[in-house]
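Step one of this worksheet: look at the structure below.
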Amino acid sequence: MVSKRGRLDQFIARTLQISKKAVRNLLIDNKVLVNGVLAKSPDLQIDEFTHVECNGVVLRQYEKQYFMLNKPDGVVSATIDEQHPTALSLLTGVDHDMLHVAGRLDLHSTGLLLVTNDAKWSAALMAPQNKVAKQYIVTLANPIGDDYIEAFAQGMYFEYEGITTLPAQLTILSSHQAKVVLREGKYHQIKRMFGRFRNPVVALHRVSIGEIVLDNTLLPGQFRSLTKAEVDCIIQH
């Protein structure tokens with residue numbers, strides 16, 4: 001999703017179906033408020049969260065929204081799907097306008113999913129150069145050995161894309177379970193990395209993205225708004 005920035009006069013002209021000359025007259029007559037302040041400049045840059053009033057009528061009033069969802073198995077990380085329930089369908093009582101998933105999970109993967117209407121924030125979250133750490137608990141079909149730790153730390157070459165994965169941290173939790181920390185998100189990366197050992201992934205559960213940790217009070221399918229501290233920990237460039 002791309003942030004919708006543009007000129008104030010273009011937005012008012014398009015919304016009210018009037019000419020730019022008419023918009024300039026409204027500005028001259030002190031009829032336009034932007035974020036509660038009288039606007040004078042027609043080329044003032046606004047975005048989808050700028051509060052715009054004209055002649056006392058609100059033309060735009062979106063609030064930034066940020067949610068964490070404990071995604072259940074069988075839910076798709078999408079806004080619309082004809083076959084499966086979507087992440088957005090679980091956010092009951094919430095205005096879904098402009099909401100999108102920031103950092104998807106596969107159909108059968110579970111855990112922390114972030115949903116927002118702030119395109120700039122989600123872009124910073126997913127930007128490869130920011131290398132935001134994502135932590136997963138992985139359950140395997142077969143026992144895990146110490147050789148996995150070194151292989152993940154060195155990175156693995158994916159021939160299909162012609163790339164080598166960034167070093168990943170693997171911590172063995174039990175004979176069939178490991179914690180994996182990635183700083184990238186290649187296609188089915190964790191499953192493919194364990195696939196090098198012919199060890200199928202039985203369950204994949206994401207517990208954190210950066211400093212945002214899945215709230216352990218949320219049952220599968222439940223959600224809550226992010227705190228200000230959680231929102232602010234994602235650095236926007």
Side-chain angles (χ1 to χ4, degrees), residues 66-78 87 100-116 120-216 218 220 226 229-237:
Y66 310 88
F67 303 99
M68 71 162 61
L69 167 71
N70 187 354
K71 177 190 170 305
D73 186 1
V75 170
V76 294
S77 301
H100 60 280
V101 175
R104 294 169 179 255
L105 285 172
D106 297 336
L107 176 65
H108 295 296
S109 298
T110 61
L112 178 61
L113 201 64
L114 299 177
V115 181
T116 183
K120 185 177 179 182
W121 187 85
S122 60
L125 180 76
M126 295 181 287
Q129 66 270 24
N130 289 345
K131 297 182 175 62
V132 176
K134 302 171 184 66
Q135 185 177 156
Y136 303 82
I137 301 299
V138 190
T139 305
L140 287 306
N142 305 314
I144 311 162
D146 290 337
D147 51 336
Y148 287 54
I149 298 173
E150 182 61 26
F152 273 64
Q154 288 182 350
M156 296 183 185
Y157 179 69
F158 288 170
E159 185 175 356
Y160 181 77
E161 295 98 329
I163 58 165
T164 300
T165 64
L166 292 175
Q169 180 183 352
L170 183 145
T171 304
I172 297 175
L173 301 177
S174 66
S175 62
H176 289 70
Q177 198 169 70
K179 177 177 71 176
V180 175
V181 179
L182 300 180
R183 294 185 179 274
E184 59 185 343
K186 305 301 182 187
Y187 179 70
H188 289 317
Q189 181 172 343
I190 290 179
K191 293 179 180 178
R192 293 167 71 189
M193 293 178 82
F194 281 107
R196 294 292 173 87
F197 295 89
R198 292 183 168 81
N199 198 346
V201 172
V202 175
L204 182 65
H205 183 76
R206 184 159 63 196
V207 295
S208 67
I209 300 176
E211 297 176 30
I212 303 174
V213 179
L214 179 62
D215 190 328
N216 59 17
L218 294 177
L226 294 188
E230 288 169 335
V231 173
D232 291 346
C233 77
I234 302 301
I235 301 173
Q236 302 181 51
H237 297 277

Query raised in the report: Going through the checks in order, is the side-chain contact (heavy atoms from CB on, under 4.5 Å) test met by F197 and D147?
Result: CA-CA 10 Å; F197 295 89; D147 51 336; 3.7 Å; yes

Query - Heavy-atom check, side chain of C233 versus side chain of I212, under 4.5 Å - result: yes

Query raised in the report: After noting the C-alpha distance and the side-chain angles of D106 and H188, does the key distance pass the side-chain contact (heavy atoms from CB on, under 4.5 Å) rule?
Result: CA-CA 8 Å; D106 297 336; H188 289 317; 2.9 Å; yes

Query raised in the report: What heavy-atom pair brings I234 and A124 nearest, and what distance separates the two atoms?
Result: CG2-CB, 4.1 Å

Query raised in the report: With a 4.5 Å heavy-atom cut-off, do K191 and V138 have their side chains touching?
Result: no

Report summary line: dist M156:CE -> L166:CG (nearest 0.5 Å) comes out at 13.0 Å

Report task. Could you walk me through whether L113 and S77 pass side-chain contact (heavy atoms from CB on, under 4.5 Å), step by step? Result -> CA-CA 8 Å; L113 201 64; S77 301; 3.7 Å; yes

Query - Donor on one side chain, acceptor on other, H176 and N142, under 3.5 Å - result: no

Query - Test item: K71 side-chain N/O and V75 main-chain N/O as donor-acceptor pair under 3.5 Å - result: yes

Query raised in the report: Do H100 and S122 have side-chain atoms, one donor and one acceptor, less than 3.5 Å apart?
Result: yes

Query raised in the report: Hey, mind stepping through E184 and T165 against side-chain contact (heavy atoms from CB on, under 4.5 Å) and telling me if it holds?
Result: CA-CA 8 Å; E184 59 185 343; T165 64; 3.2 Å; yes

Report summary line: Between the OG1 atom in T164 and the CZ atom in F158, the distance rounded to the nearest 0.5 Å is 9.5 Å

Query raised in the report: Given side chains that start at C-beta, do those of V202 and L140 come closer than 4.5 Å, heavy atoms only?
Result: no

Query raised in the report: Which pair of non-hydrogen atoms, one from L226 and one from E230, has the smallest distance, and what is that distance?
Result: CA-OE1, 3.3 Å

Requested in this report: Taking the side chain as every heavy atom from C-beta outward, state whether V101 and R104 have any pair of such atoms under 4.5 Å apart.
Outcome: yes

Query raised in the report: What residue pairs, at least two apart or across chains, pass salt bridge (Lys or Arg N to Asp or Glu O under 4.0 Å) with a residue in residues 156-168?
Result: E161-R192

Query raised in the report: What residues, two or more places apart in sequence or in another chain, satisfy ring-ring contact (aromatic ring centres under 6.0 Å, His included) together with F152?
Result: F194

**Report entry** Q177 side chain vs I137 backbone, donor-acceptor pair below 3.5 Å
**Finding:** no

Query - Between CE on residue M193 and CG on residue L182, distance to nearest 0.5 Å - result: 6.5 Å

Report summary line: In terms of heavy-atom contacts, A102 and T116 come closest through CB-CG2, 4.4 Å

Query - 4.5 Å side-chain heavy-atom contact, I163 and K186 - result: yes

Report task. Locate the shortest heavy-atom distance separating D215 from M68; write the atom from each residue and the value. Result -> N-SD, 3.4 Å

Query raised in the report: Can you list the residues that meet the side chain to side chain donor-acceptor pair (under 3.5 Å) rule with E150, with sequence neighbours excluded?
Result: Q154

Query raised in the report: Are any of the side-chain heavy atoms of I172 and D146 separated by less than 4.5 Å?
Result: yes

Query raised in the report: What distance do L114 atom CG and L125 atom CG have between them, rounded to the nearest 0.5 Å?
Result: 6.0 Å

Query raised in the report: Is any side-chain heavy atom of N70 less than 4.5 Å from a side-chain heavy atom of H205?
Result: yes

Report summary line: Nearest heavy-atom contact between A178 and L170 is CB-CG, 4.1 Å

Query raised in the report: Under a 4.5 Å cut-off applied to non-hydrogen side-chain atoms, are L105 and R206 in contact?
Result: yes

Query raised in the report: Between OH of Y148 and CZ of R196, what distance do you get to the nearest 0.5 Å?
Result: 13.0 Å

